[in-house]
Structure formats: C-alpha cells, structure tokens
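Take a look at the structure below.
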Amino acid sequence: MLARSCARATRSSGPIRSLLQKATSRASSTSASEPSKAGNVVGNILATSGATLVGVGAVAWYYNQYGPRALAMTPAEEGLHATAYPWEHEKLFKTFDHQALRRGFQVYQEVCAACHSLSRIPYRSLVGTIMTVDEAKTLAEENEYDSEPNDEGDIEKRPGKLADYLPDPYKNDEAARAANQGALPPDLSLIVKGRHGGCNYIFSLLTGYPEEPPPGAAVPEGLNFNPYFPGTGIAMARVLYDGLVEYEDGTPATSSQMAKDVVEFLNWAAEPEMDQRKRMGWEVMAIGSALMLLSVWVKRYKWVGIKTRKLVYNPPVGPRSRTPRGA
Amino acid sequence: MALSQTLYNTFFRSNATMLGLVFGTAFGGSLLFNGTSDRIWDSINQGRQWKDIKHKYVDAAEE
C-alpha cells in the first residue's frame with residue numbers, strides 16, 4: 001500500500017516511477033507487469049545515489065546545525081570547574097570542626113561582613129556552637145536595633161539581644177548596589193547550598209584570583225578577573241591576603257586557611273543542623289540494619305517448613321500397572 | 001524444653017510481667033544504645049565539637 005501511494009505521488013519522475021512500479025508489481029503478483037527498458041538501469045542507479053546523497057547531506061546538515069553547537073554557553077561563561085577538595089566536615093560521620101567555625105566566623109566578621117549580610121543567623125544560634133552565651137551577648141549589644149514603638153509611637157534604638165539577627169551592612173539592596181559599582185553582594189546565609197559546587201566553588205573563588213588577568217582576557221571596567229566565576233568578570237575584588245586577620249588560637253592566617261575556615265563557617269550557616277542530622281542518621285542506620293537482620297531471620301524461620309518439604313508421588317498399585325508400557 | 005518452660009513461666013505467663021519486661025527493656029535498651037552511640041560518635045569526632053573546645057572560652061571568661 002505504501003509503495004503504491006508513493007508511486008502515485010512520484011508519477012512525474014520517470015526513473016523513480018518505474019523503479020517503484022517494479023517494486024509494486026513484484027510485491028503483488030496479480031497486477032500486470034510492465035516491460036522494463038535497458039535505459040532504466042542507469043536511471044535507477046542515479047536515483048538511488050541521489051537519494052542517498054540527499055539523505056547523508058540532510059544528516060550532516062542537521063548535525064552541523066544542532067550537533068556540535070548545542071552548548072548554551074561558552075566555557076568562559078560556565079566558569080572554571082572548581083577543584084574537589086577533601087573536606088573533613090563533608091565526610092559521612094564527621095561533624096563541623098567547631099574551632100574552624102570560630103575562626104571562620106571571625107573572618108566573616110572582620111572581612112566579609114563589610115559587604116555581605118548573613119541575615120538568617122541570629123546571635124542565639126552562635127551560642128553553643130561558636131561562642132559562649134556571654135560572648136554572644138556582648139557581641140549582640142555592640143549593635144543597635146529598632147525597639148517596639150513607645151507611647152508616642154516613636155521607634156527608639158535599643159542594644160541587640162540574643163534573639164536578634166546579625167545586622168546587614170547596608171540599609172537596603174539599592175544602597176548595597178550603589179556602594180559596589182552596581183553589583184549586589186549576595187546574602188551569604190545559604191550561599192553554600194545556593195551555588196553549584198558548594199564549598200569547593202566558594203573556596204576556589206576566594207583563592208582563585210590570579211595576579212594578573214591572562215593575556216587576551218577581556219575584563220570590563222570595574223570588574224575583576226576570576227576564572228571560577230561564571231563569565232570570569234566579578235565585581236568582588238580579591239579580599240583575602242595572608243595575615244589579614246589575627247586568629248586568637250594562633251593558627252597562621254594564610255589566605256587559603258582563611259578561605260577554608262570561612263567556607264566551613266558558611267557551610268554551617270547554611271546547614272546548622274548538619275552535626276545532629278549525621279548523628280541521627282547513623283543511629284537510624286544502626287537500628288535499621290538490626291531490624292533488617294531480624295526480619296530476614298523471621299522470614300527464614302517462617303519459610304523453613306515450606307522450603308524443606310518434599311512432595312512424593314506414590315503411583316497407585318493395581319493390576320493394570322503391571323502391563324508393559326506401549327502395549 | 002526446660003529452658004523454654006522456665007522462660008515462659010517467668011516472663012510470659014502473666015501479661016503484666018510481660019508488659020513490664022517490654023517497657024523495661026525499651027527503657028534500658030535505649031539508654032544503652034544512646035550511651036554507646038554517643039561514645040562512638042564523640043570518639044570519631046574527638047576535638048571537633050563545641051564541647052571539646054568550650055573549656056577554653058568558658059574558663060577564660062571566668063578568670
């Protein structure tokens with residue numbers, strides 16, 4: 001049927017028509033066969049080669065059009081892939097290193113807090129993870145917050161309490177943009193979860209500024225070159241230099257040490273429940289495996305009778321059973 | 001046979017004893033389990049948790 005309708009469609013073209021008609025007549029033995037001419041052989045060859053060429057050409061054109069150029073972005077726009085570092089706190093059974101969190105918080109306070117907010121972290125969550133109650137209270141009192149309206153409806157300032165959240169460096173996003181050549185420094189509370197590559201990306205970003213942009217790289221006015229940042233031009237300049245902060249625990253403050261500490265701290269800010277989650281996770285795995293073993297045992301116990309039973313067929317004994325087979 | 005008889009007579013014969021046994025083991029078992037898992041967890045994470053470094057800052061404040 002298909003061959004016939006094709007033949008009807010291509011009636012105008014001689015060689016293909018006869019080729020198809022031959023195929024049709026071969027397929028249905030009842031239809032009358034047309035006498036084939038010798039000249040048609042050359043035509044057939046030409047037609048098949050032509051069709052093949054068109055087919056191959058179409059595939060090649062399609063591949064050229066959609067195959068190799070399907071990437072939405074250039075590698076520079078994607079940003080350099082961050083190195084995978086063996087973070088201790090990312091291991092299955094490891095908590096955050098709270099000494100590192102303390103150092104990381106110091107770096108955040110002394111460096112990043114000038115531009116980046118950390119608006120989801122209240123002082124109270126620092127207590128018992130990063131500092132003592134007294135330290136957190138003193139820290140909170142260093143900042144002023146709006147109080148409840150008083151009897152005249154005026155809002156006065158009061159010193160911070162443990163329940164207050166860390167203050168933002170700028171009044172609003174517009175002020176933040178204005179101070180940073182139009183680029184908004186993102187809030188860092190969830191940045192580890194919010195960036196592809198997490199800790200690895202932020203560590204690479206902070207430590208990845210080259211001394212000079214490579215020759216040929218286009219760095220727009222007001223931006224800095226960083227191969228890890230998608231697009232390579234980032235509004236944040238390099239901020240971490242050796243010895244920028246002085247750690248109270250005497251750890252040498254190299255720029256990679258500070259980057260590592262602040263990244264671990266930011267990971268804590270994004271996942272403050274991590275320590276507890278991993279601990280409960282492993283308890284659940286322990287109890288779960290015990291229950292698993294128990295249920296395997298119960299299953300075997302219940303099935304043992306069925307699995308070991310034997311079915312025996314005893315043929316009935318009678319006079320006919322003695323007759324030889326096939327008789 | 002003798003063992004299962006004794007077990008049955010001491011623990012399962014009366015419903016009250018059996019319930020007592022169930023609640024008792026649940027209580028004791030969870031104490032034991034939590035204690036052990038705490039100890040393993042703390043030894044894996046020795047020196048990393050806040051309680052391991054807390055003394056530096058609490059004592060420092062009191063001095």
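Everything quoted here is computed from the prediction, not taken from an experiment. Every chain is numbered from 1 and lettered A, B, ... according to where its sequence line falls, protein lines coming before strand lines.
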Checklist outcome for this item: Given the options A/Arg277, A/Arg120, A/Lys193, A/Glu271 meets salt bridge (charged side-chain N to carboxylate O under 4.0 Å, His left out) only with A/Arg277
Next on the checklist: Below 4.5 Å, heavy-atom pairs only: which of A/Ile287, A/Asp249, A/Leu101 has the largest tally toward chain B?
Outcome noted: A/Ile287
Checklist outcome for this item: Taking every heavy atom of A/Tyr165 against every heavy atom of A/Arg124, the minimum-distance pair comes out as OH-NH2, 3.5 Å
Next on the checklist: I'd like to know which of A/Glu135, A/Lys278, A/Met131 tops the heavy-atom pair count under 4.5 Å against chain B.
Outcome noted: A/Met131
Item to check | Side chain, backbone, both or neither of A/Glu248 within contact of chain B (heavy atoms, under 4.5 Å) | outcome: side chain
Checklist entry - Going by the angle between their ring planes, with limits at 30° and 60°, are A/His98 and A/Phe96 parallel, tilted or perpendicular? => result perpendicular
Item to check | Interface moiety of A/Thr129 toward chain B, non-hydrogen atoms closer than 4.5 Å | outcome: backbone
Next on the checklist: Counting heavy-atom pairs under 4.5 Å with chain B, which one of A/His89, A/Glu283, A/Arg102 comes out on top?
Outcome noted: A/Arg102
Item to check | Heavy-atom closest contact (A/Gly243 atom, A/Met258 atom, distance) | outcome: N-CE, 4.3 Å
Checklist entry - What closest approach, in Å, do A/Ala176 and A/Tyr170 show between heavy atoms, and which atom pair accounts for it? => result CB-CD1, 3.3 Å
Item to check | Residue pair A/Asp187 / A/Ser189, side-chain donor-acceptor N/O under 3.5 Å | outcome: yes
Checklist entry - With only heavy atoms counted, which part of A/Ile130 is less than 4.5 Å from chain B, the side chain, the backbone, both or neither? => result backbone
Next on the checklist: Could you check whether A/Lys260 pairs with A/Glu264 (Lys NZ or Arg NE/NH1/NH2 to Asp/Glu carboxylate O, under 4.0 Å)?
Outcome noted: yes
Next on the checklist: Can you tell me which portion of A/Ala286 sits under 4.5 Å from chain B's heavy atoms? Options are side chain, backbone, both or neither.
Outcome noted: side chain
Checklist outcome for this item: Whatever's closer than 4.5 Å to a heavy atom in chain A on B/Asp52 counts as neither
Item to check | Portion of A/Phe93 that has a non-hydrogen atom of chain B nearer than 4.5 angstrom | outcome: both
